[in-house]
Every structure is written in structure tokens, then in C-alpha cells.
Amino acid sequence: MITLLYASFLSLLLLWLSYKVVQQRQRHQVGIGTGSVAELERAVRVHANFCEYVPLALLLLLLIESALVLPAWALHALGLVLVLGRLLHARGLAMSAGASSARVAGTVMTWLVLLVGALLGLGLALSVLFSA
């Protein structure tokens, strides 16, 4: 249920990011691609970046949750860091194509969830493989 909670929050964020792309497409009358419109290019990248990172992070969270190796608070911490990281990244990139503190913080938070999830997953998988 913990992963479901964060997957639901992130689904709402994905819908919002999708809406922002559609909004920019309508505003600039661009049906496909970005038409070299900076605002649309940023909206598309925010959306794409979300789609590139979030599915694997949620999958790791779900697999860790199903293994019952972490307390609920730790799973909530990972989920919350992922949601906040994606919100910060989206805000930072939507405001500027360059580096911003929000964009950098969002990226670091997302990478941290992936790193922790990967290390926990490796540790659990290897311990099961070598204890059998």
C-alpha cells in the first residue's frame, strides 16, 4: 500500500506535466515535436525526464516493500523524497533551461532514491542468492 500511495501522487504529477505540454502545444500551435519553441521544449523535457526516472524508482520501491525488509517509515521516506524531488525538478526546469537550485536538488533527490533502492535491492538479492 505504501508504493501505491506514492505511485498515485506521482500519477497526478504526471497528468499535470502532461497537461502543461498540451497547454504549450496549443499556445504555440505545435502538433508534434517542439517547433523550436523554448517553453515547449522545456515542458517536453520535464515530462520526459519524469517518465525516464519515475517508473524504475517506483519498481524498486515496490520490490523492496514486497520483500518486507524495511520499516514503513523508511519506505515512506523514500517515496516522499521521490515525490519532492520530482516536484522540485519540474519546477526548476520549467522556470529555466539552465541549472537552478530546484532542478539540481530534484535531480539529486531522485538519484538518491534510485541509489538507495538499487543498493537495498542488490543487498537483498545477493543475500538470498548466497544463502540458498
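All heavy atoms count here, side chains included; hydrogens, waters and symmetry mates do not. Computed from a predicted model, the values in this text were never measured in an experiment.
Checking side-chain atoms of Arg25 against main-chain N and O of Gly33 turns up a donor-acceptor pair under 3.5 Å.
At a threshold of 4.0 Å, the pair Glu39-Lys20 does not count as salt-bridged, since none of the basic side-chain nitrogens sits closer than that to a carboxylate oxygen.
Rounded to the nearest 0.5 Å, atoms NE2 (His89) and CG (Leu17) are 10.5 Å apart. Expressed to the nearest 0.5 Å, how far CG of Leu78 lies from CG of Leu58 amounts to 11.0 Å.
Linking ILVMFWY residues whenever their side-chain heavy atoms come closer than 4.5 Å, directly or via other members, leaves Leu63 and Leu122 in distinct clusters. If you chain together hydrophobic residues whose side chains sit under 4.5 Å apart, Leu93 and Leu40 never meet in one group. Residues Leu88 and Phe9 share a single hydrophobic cluster, defined by chaining ILVMFWY side chains whose heavy atoms lie under 4.5 Å apart.
Residues Leu10 and Leu14 are not in side-chain contact: their nearest non-hydrogen atoms beyond the backbone lie 4.5 Å or more apart.
Partner of Leu70 under the side chain to side chain contact (heavy atoms under 4.5 Å, CB included) criterion, out of Leu120, Leu61, Ile2: Leu120 alone.
Residue-environment remark: CZ (Arg91) stays at or below the threshold of 12 foreign heavy atoms within 6.0 Å.
Ring pair Trp111/Tyr53 is tilted by interplanar angle, where 30° to 60° counts as tilted.
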Checklist entry - Could you go step by step and tell me if Leu13 and Leu87 meet the side chain to side chain contact (heavy atoms under 4.5 Å, CB included) rule? => result CA-CA 8 Å; Leu13 179 54; Leu87 283 168; 3.8 Å; yes
Checklist entry - Would Leu75 and Thr3 count as a side chain to side chain contact (heavy atoms under 4.5 Å, CB included) if you check the C-alpha gap in whole Å, the side-chain angles of each, and the deciding distance to 0.1 Å? => result CA-CA 8 Å; Leu75 291 166; Thr3 303; 5.7 Å; no
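Nearest heavy atoms, Ala57 versus Leu82: CB-CD2, 3.7 Å.
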